[in-house]
Asker: 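Let me begin by handing over the structure; questions about it come next.
Values below: every heavy atom of this structure, side chains too, minus hydrogens, waters and symmetry copies. Just so you know, these numbers come straight off a predicted model, no measurement behind them. Per chain, numbering begins at 1; letters A, B, ... match sequence-line order.
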Amino acid sequence: MTQTGKNQKNGAVPKEVLEQLNENDHTDMISVWKKSEYARPSQMEISPKEIENALSKVHRRIEPHSGKKSIVGNIPQYARYLVAVVALIAVTFLFFFLPRTASVPYGEMATLELPDGTLVEMNSGTTLRYNRLYRFTDRTVELNGEAYFNVASHGHPFIVEANGASIEVTGTEFNVRSWRGDQQMETTVSVSEGEVLFYPKKLKENQITLRAGESSRWNPRLTEPANPEPVTIEDITAWRNQRFVFRDQTLISILYELERRYNATIELDVDGVEQSTLTAYYSEQVQLESVLDDICTVKGLRYTRTTTGYRIFK
Amino acid sequence: MNRKTEQQIKTWAWKIRKSDRKAFDEFFRWGYPMLVRFAAGYTGQKSSACDIVQDAFVILWQKRSEIDPNRSLKAYLYRIVRNLCLNHLRDSSGTVVDSELVQGEAFSSDELSIESPGNSNGSLDQKFREWIYALPDRQQEAFELSRFDGLEHDEIADVMEISPKTVNNHIVAALRQLRTFYDEYQKNINNDL
């Protein structure tokens with residue numbers, strides 16, 4: 001501290017102040033200074049108890065594991081830094097490798113824009129996972145459900161992984177349908193623009209090339225994806241406009257889709273019809289009940305409301 | 001501040017730097033009441049003043065390795081408290097508060113006692129309090145730190161982040177203004193008689 005400390009005893013006027021004042025004024029100024037002694041803005045008293053309470057609050061904050069001396073207390077300073085640095089690296093590492101997940105609830109649809117500008121339209125109940133370094137290390141996404149991809153051109157190939165299948169592209173538009181709950185674990189890929197490579201994740205050499213207007217499917221019982229077949233891409237992607245197109249689709253898979261799309265439970269209380277197929281086409285948005293009406297008419301079934309949705313029976 | 005305390009604070013500074021908790025506790029007990037009163041001058045409320053001062057001590061402990069024992073630890077702590085108070089006022093008012101604007105309006109709380117124990121001349125104290133509020137904010141800050149918190153000029157300079165010369169100018173100007181107020185007040189009393 002400064003040499004003035006000696007001069008300023010018990011609230012006398014600081015000597016720097018006096019030096020700057022006219023000597024004739026000194027007496028008055030000292031008097032004013034003295035008179036202001038009790039004009040302290042906040043006169044509040046702080047009791048010793050309050051001080052101790054405040055101190056123990058501070059103790060708890062600077063020593064999270066209060067009570068016993070913390071283990072950290074005996075570790076030398078540099079070791080603590082080391083631990084902190086290692087922890088920081090580990091957390092950063094984990095952070096970057098924890099995947100990001102985007103999910104669409106039942107009854108809704110959503111479009112996701114990935115960091116590289118790739119657009120993913122996701123059907124109801126679909127989940128997409130990708131790592132935080134997406135775009136820097138690779139462009140791999142993991143799909144459960146159905147999505148339409150409009151892939152931006154970029155250095156790394158864009159890869160969709162689903163139910164053990166891989167779809168690899170550079171920049172194009174295509175639809176992938178691959179529900180994890182699907183009994184066949186089937187993945188269906190349909191291309192609307194450009195080309196994609198389609199292969200079992202573990203057998204890249206068994207790849208096929210799909211071109212615009214072609215579709216193929218693969219499931220883990222097949223060594224390679226089925227031969228490409230021409231499809232009407234608008235039918236495949238009808239879901240994007242809330243429409244439905246079912247072509248020779250099994251009843252059970254149609255019901256699952258309706259459950260997701262309308263966020264309703266549909267019980268099938270009839271044996272032996274799950275795998276029977278159905279073709280239906282709805283050019284615009286429809287009520288769930290009119291779809292059920294049609295299904296029941298065609299299959300000779302009936303349905304009734306339940307608390308959470310519908311039950312189909314004979 | 002007498003020489004003994006000055007020496008004591010310097011010792012505390014050394015010890016706290018070396019993570020001595022006992023010294024920290026002593027320094028806390030010594031400084032807490034005074035800092036709470038200082039903080040209350042900004043926040044107008046005892047509860048937030050207490051919180052802020054506790055925050056400041058936590059910060060002091062966390063940054064103890066940065067303590068320079070050759071500089072005033074007291075000023076260092078006052079500066080932390082002052083900055084926390086200004087942040088608090090800025091955040092709680094929702095607008096950017098220039099430190100110049102801070103003090104006058106901060107005093108609306110009834111939590112602040114205007115009792116002045118040990119002095120019978122209550123109304124003159126009250127007058128002085130009003131006159132001090134009427135000072136420009138920087139003058140008021142410098143004056144109060146010098147008059148009531150017993151800080152040296154170079155400590156006040158540290159706290160307010162201005163030069164010791166400016167500190168002196170503020171205090172001199174404040175004192176001149178207070179004298180003017182006081183003279184007018186005396187004149188009025190004499191006229192009334």
Asker: Contact between A/Val17 and B/His153 at the side-chain level, heavy atoms closer than 4.5 Å - yes or no?
Answerer: yes
Asker: In Å, rounded to the nearest 0.5 Å, how long is the span from CG of B/Leu60 to CD1 of A/Ile62?
Answerer: 9.0 Å
Asker: How many angstroms lie between OH in B/Tyr182 and NZ in A/Lys35, if you round to the nearest 0.5 Å?
Answerer: 3.5 Å
Asker: Could you go through A/Glu52 and B/Arg29, starting from their C-alpha distance and side-chain angles, then the distance that decides it, and tell me whether this counts as salt bridge (Lys or Arg N to Asp or Glu O under 4.0 Å)?
Answerer: CA-CA 8 Å; A/Glu52 290 311 311; B/Arg29 291 191 180 97; 2.5 Å; yes
Asker: Does any donor atom in the side chain of A/Glu19 or B/Asn168 lie under 3.5 Å from an acceptor atom in the other side chain?
Answerer: no
Asker: Salt-bridge test for B/Lys46 and A/Glu50: reply yes if a basic N is under 4.0 Å from a carboxylate O, no otherwise.
Answerer: yes
Asker: Pick whichever of A/Leu18, A/Leu21, A/Val32 has the most heavy-atom pairs under 4.5 Å with chain B.
Answerer: A/Val32
Asker: How many angstroms lie between OH in B/Tyr32 and CG in A/Leu55, if you round to the nearest 0.5 Å?
Answerer: 9.5 Å
Asker: Quick check on B/Phe181 against chain A: is it the side chain, the backbone, both or neither that has a heavy atom closer than 4.5 Å?
Answerer: neither
Asker: Carefully, step by step, assess A/Ile51 and B/Phe28 under the rule side-chain contact (heavy atoms from CB on, under 4.5 Å).
Answerer: CA-CA 8 Å; A/Ile51 299 177; B/Phe28 183 92; 4.1 Å; yes
Asker: Using a cut-off of 6.0 Å, state whether more than 12 heavy atoms not belonging to A/Gln287 lie near its atom CD.
Answerer: no
Asker: Regarding B/Arg179 and A/Asp25, does a basic nitrogen lie under 4.0 Å from an acidic carboxylate oxygen?
Answerer: yes
Asker: Dump the intermediate steps for side-chain contact (heavy atoms from CB on, under 4.5 Å) on A/Glu16 and B/Val172, then the final yes or no.
Answerer: CA-CA 9 Å; A/Glu16 301 95 319; B/Val172 168; over 6 Å; no
Asker: Under a 4.5 Å heavy-atom cut-off, does chain A meet the side chain of B/Arg176, its backbone, both or neither?
Answerer: both
Asker: Is it the side chain or the backbone of B/Gln54 that comes within 4.5 Å of chain A heavy atoms, both, or neither?
Answerer: both
Asker: Distance from A/Ser36 atom OG to B/Leu175 atom CG, nearest 0.5 Å?
Answerer: 8.0 Å
Asker: Aromatic rings A/His59 and B/Phe24: how do their planes relate, parallel, tilted or perpendicular, breaks at 30° and 60°?
Answerer: tilted
Asker: Considering only residues two or more places apart or on different chains, which pairs with a residue in residues 147-156 of chain A satisfy side chain to side chain donor-acceptor pair (under 3.5 Å)?
Answerer: A/Tyr148-A/Glu173, A/Tyr148-A/Ser192, A/Asn150-A/Glu173
Asker: Which atoms of B/Asp183 come close to chain A, meaning under 4.5 Å heavy atom to heavy atom: side chain ones, backbone ones, both, or neither?
Answerer: neither
Asker: Among pairs that include at least one residue of residues 112-123 of chain A, which meet side chain to side chain donor-acceptor pair (under 3.5 Å), considering only residues two or more places apart or in two chains?
Answerer: A/Asp116-A/Thr118, A/Asp116-A/Tyr134, A/Asp116-A/Arg139, A/Glu121-A/Arg240, A/Asn123-A/Glu146, A/Asn123-A/Arg261
Asker: Using the rule given for salt bridge (Lys or Arg N to Asp or Glu O under 4.0 Å), can you reason through A/Arg61 versus B/Asp55, listing the C-alpha separation, both sets of side-chain angles and the distance that settles it, and then say yes or no?
Answerer: CA-CA 9 Å; A/Arg61 287 173 61 191; B/Asp55 289 348; 2.8 Å; yes
